[in-house]
> 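Dumping the structure here so I can ask a few things about it.
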Protein chains: 2
Amino acid sequence: MALITHKKNLFYAQLTRHLFFHNHLSSTELSELTGKSIPVTTQGLNELIKKGKVFESGFAESTGGRKPLLYSLTEGSLLIVSVAMDQLITKIALINEKNEIVGEIEKHNLKLADNPSSIAELIKILKNFVSRINKPDKVVGIGIGMPGFVDSLKGVNYSFLQTENGTLVEALENELHLPVFIENDSSLIALAELRWGAAYGRKNVMVINIGWGVGLGIISKGELFKGHDGFAGEFSHISLFDNQKLCSCGKYGCLETETSLVVIAQKAIKKMTEGELTVLKNLSENRIEEGARKILKAAKEGDKFSIEVISESAYHIGRGISILIHLLNPELVIISGIGSLAGKVWIAPVQIAINEHCIPKMAEHTEIKISKLGEEAALIGAAALVMEHFEEININLKKIEKVLIN
Amino acid sequence: MALITHKKNLFYAQLTRHLFFHNHLSSTELSELTGKSIPVTTQGLNELIKKGKVFESGFAESTGGRKPLLYSLTEGSLLIVSVAMDQLITKIALINEKNEIVGEIEKHNLKLADNPSSIAELIKILKNFVSRINKPDKVVGIGIGMPGFVDSLKGVNYSFLQTENGTLVEALENELHLPVFIENDSSLIALAELRWGAAYGRKNVMVINIGWGVGLGIISKGELFKGHDGFAGEFSHISLFDNQKLCSCGKYGCLETETSLVVIAQKAIKKMTEGELTVLKNLSENRIEEGARKILKAAKEGDKFSIEVISESAYHIGRGISILIHLLNPELVIISGIGSLAGKVWIAPVQIAINEHCIPKMAEHTEIKISKLGEEAALIGAAALVMEHFEEININLKKIEKVLIN
DNA sequence: CAAACTTTTTAAATTTTTTAAAAAGACTTT
DNA sequence: AAAGTCTTTTTAAAAAATTTAAAAAGTTTG
């Protein structure tokens with residue numbers, strides 16, 4: 001009897017997950033997505049309606065026959081704590097069942113590198129955030145995106161936030177009493193694009209995360225691809241250049257030595273001191289992040305100087321993308337991450353590099369697009385991460401004190 | 001009634017496919033592989049025994065309980081025509097239900113490039129081969145591996161064997177009256193490694209096909225990965241070098257300009273004319289293939305000169321493999337293709353390149369192995385290609401005149 | 001404007017899976 | 001060394017899911 005309920009709960013969780021990612025679905029669509037028959041699906045939906053988790057949200061347009069009845073998640077039925085970390089700043093947001101950010105995005109200073117108390121600080125910030133949530137019983141989990149070599153299955157980050165005993169996820173779950181999921185930041189941006197962005201419904205996509213480094217999230221067969229240890233998509237440090245520039249990783253010629261927002265800002269400063277004309281003002285080596293954002297904004301608004309600086313980097317990234325196209329033959333490459341705030345200026349130089357370095361047949365059906373998710377991609381991806389594991393949350397009842405669906 | 005039989009046939013085909021790839025399996029193992037329950041699986045097996053397609057082939061060793069009864073395909077129940085093409089030579093073999101080559105491997109001269117009658121020649125060779133098979137009614141299909149940009153789903157090769165109307169597969173099936181499947185040669189070698197070689201049971205493997213170019217077959221999530229158009233794994237022409245050597249593809253600095261059996265043979269000839277010592281004799285620019293084979297054999301037998309020439313190329317391939325490791329984080333890289341005949345001499349220089357160009361953490365769990373399949377890999381892969389599609393063969397009864405299982 | 005065509009929804013029949021029990025073999029303990 | 005315990009496979013009965021067919025609800029076309 002316990003097992004039957006358990007199995008049913010798993011199916012309910014599956015329905016809930018699909019409704020989260022699609023907002024509203026008909027019973028036929030849900031039947032196809034879950035692989036269950038229509039009678040079983042309808043029965044499951046009726047149970048969820050009885051529990052108040054789901055409601056009938058209207059009719060879809062007919063495609064030539066009877067209008068299908070649509071189902072959606074009940075308002076306020078589900079909350080997710082989304083966390084997006086970079087080397088210096090940690091952002092936190094509360095996300096609801098419609099994938100909307102509820103309230104304000106909080107920003108905290110939290111240094112990841114060489115910081116023995118980073119885990120303690122993170123726990124403190126999260127405990128405080130969770131304590132202020134109005135309906136804490138609706139929170140299904142915490143999703144965290146972070147830089148570094150993250151093994152999300154094991155729940156470990158090999159670059160930062162290292163624990164003495166047990167995994168990082170265990171350390172967080174023990175303190176926060178909520179299911180916690182971690183993932184590499186670029187992978188989460190790719191997940192955000194897959195579920196809510198330009199990669200929606202696509203099978204084979206490369207998502208380039210242009211930030212302080214250059215990240216890559218790989219969508220293969222319609223799913224995030226992570227490789228054997230969970231580290232797939234290391235793009236910053238493939239050796240592409242013969243430039244003798246020492247990289248932070250200790251090698252020479254990495255992609256990162258020629259392209260990243262840091263490189264772009266540094267180049268701009270150098271050119272400005274050489275007297276080139278631009279609308280940019282007050283760029284400083286000490287405030288590289290601020291400078292980079294100014295350049296992205298100026299490029300978006302048409303500043304020739306900024307566009308040229310970005311174009312140089314874009315061409316180099318294009319060389320890297322050419323390799324991706326040869327190896328993985330994607331249907332789509334998305335320029336995402338903070339760099340995407342500059343808009344379409346990235347596309348032309350990337351396309352030129354592809355034309356020069358790809359066999360035409362290989363690149364024939366590969367589109368290049370700029371992300372429309374903006375800076376919130378990482379937070380949205382962290383929420384998606386939690387919902388990807390929604391069935392798992394409902395199996396591992398150990399993980400949480402309450403049964404989510406009962 | 002017809003539909004029921006149809007669906008049953010599909011299940012029988014699935015059982016047959018799994019038995020082909022595993023030689024002998026217990027009902028429990030087959031139940032897990034097919035995703036059907038044990039009662040249904042046992043019932044299906046008993047039907048196949050009744051039809052004479054399957055027999056009880058003994059008991060497996062116990063793992064702590066009752067010995068499981070094993071099932072195997074009946075001897076002589078199934079034949080596959082395997083074809084392995086390169087730019088100049090086409091090999092054909094007949095393969096049985098145990099994945100054994102029956103009779104002789106036939107070799108035919110068939111030029112692929114700039115040959116308008118290539119398809120006609122191929123059809124003639126295949127018709128002749130099929131006409132000489134003792135039990136033609138047991139042949140389930142023809143699998144063909146060939147160089148070029150092959151879209152195996154559409155049944156088209158965009159580089160060679162181009163048809164005027166209809167696809168290549170249609171052209172062949174219309175003449176040969178058997179189901180035909182085509183695939184890129186490197187992909188087929190990867191498939192052979194996955195089903196019968198060093199990649200058996202692995203999920204995430206890169207198979208390097210060292211031949212007249214350098215090919216790549218990608219195993220991802222335990223399956224052959226082909227990308228959006230079917231062209232994934234183009235490894236020869238990623239631009240890696242700053243060498244100003246013009247490649248056959250029209251670009252500069254491709255991997256192929258520094259490594260392939262052709263480059264190795266040419267380098268050896270150049271060094272020999274410069275007076276370096278070796279056991280090698282009579283190498284000629286006009287017989288590059290023969291020369292390359294001599295070098296591989298000599299290297300295997302310890303000739304210092306040959307090992308050095310190969311090592312240089314191996315290091316360059318290692319640079320390419322470093323990029324694969326960064327991007328796809330494989331658990332295993334297999335050196336396969338004709339080049340693997342030289343044996344383990346490839347490993348050390350590849351490993352050195354990985355040490356120099358990979359972030360240690362990325363390559364930590366990546367093994368490098370030499371293929372043990374030898375030259376027959378391509379033929380074995382072509383047979384595997386047919387059997388991968390065995391259910392499909394049994395659905396598309398249009399494709400063949402007879403019902404395979406009845 | 002009614003007939004023909006689509007598609008969703010509901011209901012009954014069949015099939016499949018699940019569950020439990022029995023059978024067969026291997027390991028452990030006295 | 002033998003009996004009992006533990007695994008695992010196999011068989012048989014109960015439960016659940018899918019398949020199939022029919023009905024209901026809309027659209028489109030002649």
> Select one nucleotide: of dT18(D), dT10(D), dT18(C), the one nearest the side-chain heavy atoms of Thr28(B).
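Ranking dT18(D), dT10(D), dT18(C) by closest atom to the Thr28(B) side chain puts dT10(D) first.
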> Do NZ/NE/NH1/NH2 and the carboxylate oxygens of Arg202(A) and Glu367(A) come within less than 4.0 Å?
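Between Glu367(A) and Arg202(A) there is a salt bridge, with a charged N closer than 4.0 Å to a carboxylate O.
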> Taking only the side-chain nitrogens and oxygens of Ser27(A), find out if one of them lies under 4.0 Å from OP1 or OP2 of dT9(C).
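So the side-chain polar atoms of Ser27(A) do come within 4.0 Å of the phosphate oxygens OP1 or OP2 of dT9(C), strictly under.
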> Without decimals, in angstroms, what is the distance between Leu70(B) CG and dT9(D) P?
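Between P of dT9(D) and CG of Leu70(B): 11 Å.
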> Measure CD/Gln43(A) against C1'/dA12(C) and give the value in whole Å, please.
15 Å
> In whole angstrom, what separates Leu25(A)'s CG from dT8(C)'s C1'?
15 Å
> Nearest to the side chain of Lys67(B), which nucleotide is it out of dT19(D), dT9(C), dG25(C)?
dG25(C)
> Does Lys221(A) form a salt bridge (Lys or Arg N to Asp or Glu O under 4.0 Å) with Glu223(B)? I'd like the steps, not just the answer.
CA-CA 11 Å; Lys221(A) 296 178 185 172; Glu223(B) 285 178 354; 3.3 Å; yes
> Which whole-number value in Å describes the distance from Leu69(A) CG to dT7(C) P?
18 Å
> Are Arg17(A) and Glu388(A) ion-paired here, with the side-chain N under 4.0 Å from a carboxylate O?
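Salt bridge between Arg17(A) and Glu388(A), a charged N being under 4.0 Å from a carboxylate O: no.
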> Pro68(B) side chain: which of dT8(C), dT9(D), dT18(D) is closest?
dT9(D)
> What's the CD-P distance between Glu47(B) and dT15(C), to the nearest Å?
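Computing the Glu47(B):CD to dT15(C):P distance gives 13 Å.
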> Do His365(A) and Glu331(A) come within less than 4.5 Å of each other through their side chains, counting heavy atoms only?
no
> Let's see if you can work this out: which of dT19(D), dT9(C), dA12(D) has an atom nearest to the side-chain heavy atoms of Pro39(B)?
dA12(D)
> Figure out the NZ/P separation between Lys36(B) and dT18(C), and round it to whole Å.
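Interatomic distance, NZ of Lys36(B) to P of dT18(C): 11 Å.
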> Between Asn46(B) (CG) and dT9(D) (P), how many Å, whole number?
17 Å
> State which residue, out of Ile219(B), Leu194(B), Leu188(B), Ile218(B), fulfils the side chain to side chain contact (heavy atoms under 4.5 Å, CB included) condition with Leu224(B).
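That would be Ile219(B).
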> Figure out the CD1/P separation between Ile38(B) and dA14(D), and round it to whole Å.
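For the pair Ile38(B) CD1 and dA14(D) P, the rounded distance is 20 Å.
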> Quick one: on DNA chain D, does Glu61(A) or Thr41(A) contact a more 5' nucleotide (nearest heavy atom)?
Thr41(A)
> So what does Gly44(A) touch, heavy atoms closer than 4.0 Å: a base, only the sugar-phosphate, or nothing?
nothing
